[in-house]
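Because only heavy atoms are used, hydrogens play no part in the values below, and waters and symmetry mates are left out as well, while side chains stay in. Chain naming here is simple, since letters A, B, ... match the order of the sequence lines and numbering starts at 1 in each.
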Amino acid sequence: MSLFVFFALSRAYLQFRAHNTSLMAFIFWILLWSSTLVVVYWPHLIDYFSHFLGIQRSIDVLVYFGILFLFYLIFRSYIKLQELEREITELTRNIALSPLKKDK
Amino acid sequence: MKTIIVIPAYNESKSIQQVIRDLQAGGYSDILVVDDGSTDSTYELVNKENVSVVQHAINRGLGGALGTGIKGAVMLGADIVVTFDADGQHAVKDIEPMIAPIRSGAADAVIGSRMLGSKGMPASRILMNRIANIITYLLFGIWVTDSQSGLRAFSGEAASKLRIRTRHMEVSSEIIREIKDQGFRFTEVPIEAIYTEYSLSKGQNFFLGVKTFIKLFLHRLTH
């Protein structure tokens with residue numbers, strides 16, 4: 001597991017160095033993967049958290065938050081996609097209308 | 001007053017020339033056709049006619065084409081913008097009563113309602129139209145008798161303020177929302193619907209209607 005985490009971290013670092021991802025995204029991935037590592041080595045840490053939330057099984061906390069996080073990502077990409085579609089329409093529109101500008 | 005007829009057209013090579021000629025015969029010479037990236041000969045056929053035509057490089061849907069047409073008509077200095085379907089379902093004689101309230105200054109936006117006269121509309125279409133009206137009312141809070149009508153008229157000022165953001169059939173309801181949000185003075189005028197086998201094969205069917213509803217709902221949530 002920790003080998004996999006280190007692999008993922010190195011990928012994130014390489015992507016960042018190649019300027020494919022922003023600093024914010026890089027920090028986000030580092031936080032995500034290092035917290036995974038922390039949980040792998042000290043699993044009882046989640047117990048405090050799940051006890052605090054009133055959820056009995058610690059693993060359920062992970063699943064709940066995982067699903068919430070995925071939903072959030074889907075929603076975000078939906079918004080992004082809409083924005084992209086709108087920009088393409090705008091672009092198509094302006095290209096289509098450019099001959100009208102010249103005539104009149 | 002300069003009246004420009006906007007015709008959004010996507011793969012309408014069968015009907016577009018007749019529609020243009022009917023409009024010209026009815027005395028409407030300022031016509032702007034938006035070819036929405038048709039894959040048939042629509043653009044070539046329209047180019048042969050004595051009208052303005054702009055072309056989308058790729059298909060963007062009815063909403064995209066209407067937005068382009070209305071913006072283009074404003075650029076060409078229209079005092080009145082009329083949107084007219086390319087499939088031949090509208091009657092040219094219905095245009096005059098639609099632009100009259102705008103010319104007299106009584107309205108900023110007019111929608112031609114096929115339901116007020118309700119002539120020639122098949123029963124299945126009437127039912128679907130009722131459902132669409134109810135959905136439009138629930139989502140946007142404005143009651144119209146034909147929310148999906150393609151025959152509309154706007155004053156030049158209203159047309160320049162109109163913001164169209166959706167891409168497909170949901171644009172009809174979006175325009176109605178815009179009429180409400182922007183506080184346009186609005187009226188409905190009865191129009192005739194000419195349903196031919198051809199025009200029935202185009203436009204909405206039930207599943208497209210469900211899809212349109214889902215999109216409208218998401219649109220309502222996110223804007």
Heavy atoms of other groups near [X] [atom1], more than 12 under 6.0 Å:
{"X": "Phe28(A)", "atom1": "CZ", "value": "yes"}
{"X": "Met1(B)", "atom1": "CE", "value": "yes"}
{"X": "Tyr137(B)", "atom1": "OH", "value": "no"}
{"X": "His44(A)", "atom1": "NE2", "value": "yes"}
{"X": "Glu157(B)", "atom1": "CD", "value": "no"}

Chain A shares the most heavy-atom pairs under 4.5 Å, among Asp35(B), Leu32(B), Val54(B), with Val54(B)

To the nearest 0.5 Å, atom CD of Glu85(A) lies from atom CZ of Arg60(B) at 5.5 Å

Rounded to the nearest 0.5 angstrom, the OG1-CG distance for Thr68(B) and Leu97(A) is 5.5 Å

Taking a cut-off of under 4.5 angstrom between non-hydrogen atoms, the residues of residues 89-96 of chain A near chain B are Thr89(A), Glu90(A), Thr92(A), Arg93(A), Asn94(A), Ala96(A)

